Amino acid sequence: MMFLLQTNFQWKETDPVTGIIAVVIFGAFILFLVIANNASGAGKTGSGGNSRGTKRGFRLNARKIGLSRPQLRTLENLAKRHNAGNLNNLLSSSAQLDNLLKKAIQSINGQSSSDAQKETQKLQLYRIKQLIERNATRKKVFTGTKQLIAGTRIVLTPEGGGRYQSKILTNLKGVLAVSVPADNAGSQLRWKRWSKVNAFFWKSNGQGFSFSTKVNGYGKVRTFDALLLNHSNHIVQAQQRRFRRRSIERPTYFYPVRILTDGIGKNVKKRAIVENRRGTLATMLDISAGGCSIRSINPLTAGELIKVDFETEANAAVSFYGKVINTRKAHPHGGIMHIRFTRISKQNLNSINAYVYNYQDE
């Protein structure tokens, strides 16, 4: 190309029109060569050029969903270290992000740093996961209950009140077959045909949905008793939870906590006293990184402070302090406490996150 630019083109001076045409043709020829040269250069850079574009796009999208600069750099470094592929997929593909974070957590566990440093690093990864999950732009819209899949956990609320755990056994053409709910004593609850029921369920990212239906009858799905619900074409999207919640159904002990005040004026000091003698066995129904719900025969009331001890499925012992946000009655007696964490260690919070996101070591 440089040779062409340096070449001296000469032509006879004829009429001005011929000269103008020659200049236009020459200019068009030079423009063609420049465009071709740029295209060739882009091709030679290959993945490098695409990589720069991908990284810029990734950073832009990451900032849009709220990732801080340190979080963004952390994700980039992890992707490079573990060959995660296309960076933008990490912001939309839950499976790819989960795979990367599991590898990163395994690497942290193998480090020679202190336990406190390891827990801090792991907690940062879980926060990245939660932020991406809450703000992912890709949304799945349910147009009706025929889209729901077997295994989805739902909560059923009949006209008479109460909230009962169930799950979808199978999705049939005419009805939705779910497990028959049970009361606290384990006895099946069987409502009359055509009774109205409200149902609630959540996506894995914590987004809640609800629909109204009626009891169609009862039947069998394989060896399970099934409650048959009419399909609904109207599913309402509820406010998204801040943290993903997962059912756990495990025994737990809780203890009331009293706050004692010592001193006067500026010298006042408060200290928490755990009433260990009033420990109560209960059942934890579900848990998230922000709180949990516990069913008990003798629940605490809204506003009371509480200490909770339990174990995850991986037998990780977890303790935390919390506040009862509200308590609702459970059929036929007792109640369900909804608890928000007030104090929890990084290690215990990471154990909960590992359970919620199924990052536990197999």
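Because the structure is a prediction, the values reported are computed rather than measured.
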| F58/L75 under side-chain contact (heavy atoms from CB on, under 4.5 Å): CA gap, chis, key distance, verdict | CA-CA 10 Å; F58 164 76; L75 205 54; 3.9 Å; yes

| Does E76 pair with R59 as a salt bridge, N-O distance under 4.0 Å? |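 Yes.
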
Determine whether the side chains of [X] and [Y] contain a donor N or O and an acceptor N or O closer than 3.5 Å.
{"X": "N276", "Y": "K307", "value": "no"}
{"X": "Q111", "Y": "Q117", "value": "no"}
{"X": "S179", "Y": "S166", "value": "yes"}
{"X": "D115", "Y": "Q347", "value": "no"}
{"X": "T120", "Y": "K346", "value": "yes"}
{"X": "N198", "Y": "S212", "value": "yes"}
{"X": "S293", "Y": "H338", "value": "no"}
{"X": "Q188", "Y": "Y218", "value": "no"}
{"X": "T74", "Y": "N77", "value": "no"}

| query | How are the rings of F209 and F201 set relative to one another: parallel (under 30°), tilted (30 to 60°) or perpendicular (over 60°)? | reply | parallel

| task | Hey, can you tell me if F310 and F320 have their rings parallel, tilted or perpendicular (30° and 60° cut-offs)? | result |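 Correct class here is perpendicular.
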
Whether [X] side chain and [Y] backbone form a donor-acceptor pair below 3.5 Å:
{"X": "R295", "Y": "I336", "answer": "no"}
{"X": "S319", "Y": "A317", "answer": "no"}
{"X": "N61", "Y": "G57", "answer": "yes"}
{"X": "T252", "Y": "D309", "answer": "yes"}
{"X": "S107", "Y": "K103", "answer": "yes"}
{"X": "T213", "Y": "N230", "answer": "yes"}
{"X": "N171", "Y": "K146", "answer": "yes"}
{"X": "D262", "Y": "K269", "answer": "no"}
{"X": "E119", "Y": "A116", "answer": "no"}
{"X": "R246", "Y": "Y355", "answer": "yes"}

| message | Does L131 form a side-chain contact (heavy atoms from CB on, under 4.5 Å) with L67? I'd like the steps, not just the answer. | response | CA-CA 7 Å; L131 191 57; L67 286 183; 3.6 Å; yes

| message | If you define the side chain from C-beta out and look only at heavy atoms, does anything of R244 sit under 4.5 Å from Y357? | response | yes

| query | Do I248 and L285 have side chains that get closer than 4.5 Å, going by heavy atoms? | reply | no

| message | Y359 and side-chain hydrogen bond (donor to acceptor under 3.5 Å, both in side chains): which single residue from N353, D98, N350 fits? | response |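 Result: among N353, D98, N350, D98 is the only option passing the side-chain hydrogen bond (donor to acceptor under 3.5 Å, both in side chains) with Y359.
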
| remark: dist N83:CG -> L100:CG (nearest 0.5 Å) comes out at 10.5 Å

| request: Using the rule that two of Ile, Leu, Val, Met, Phe, Trp, Tyr join whenever any of their side-chain heavy atoms come within less than 4.5 Å, decide whether L91 and L72 are in one cluster. | output: yes

| CA sep, side-chain torsions, deciding dist, call: K323, E304, salt bridge (charged side-chain N to carboxylate O under 4.0 Å, His left out) | CA-CA 6 Å; K323 182 177 182 179; E304 290 194 78; over 6 Å; no

| Of the non-hydrogen atoms in F341 and S288, which two are nearest, and what is the gap between them? | CE1-O, 3.4 Å

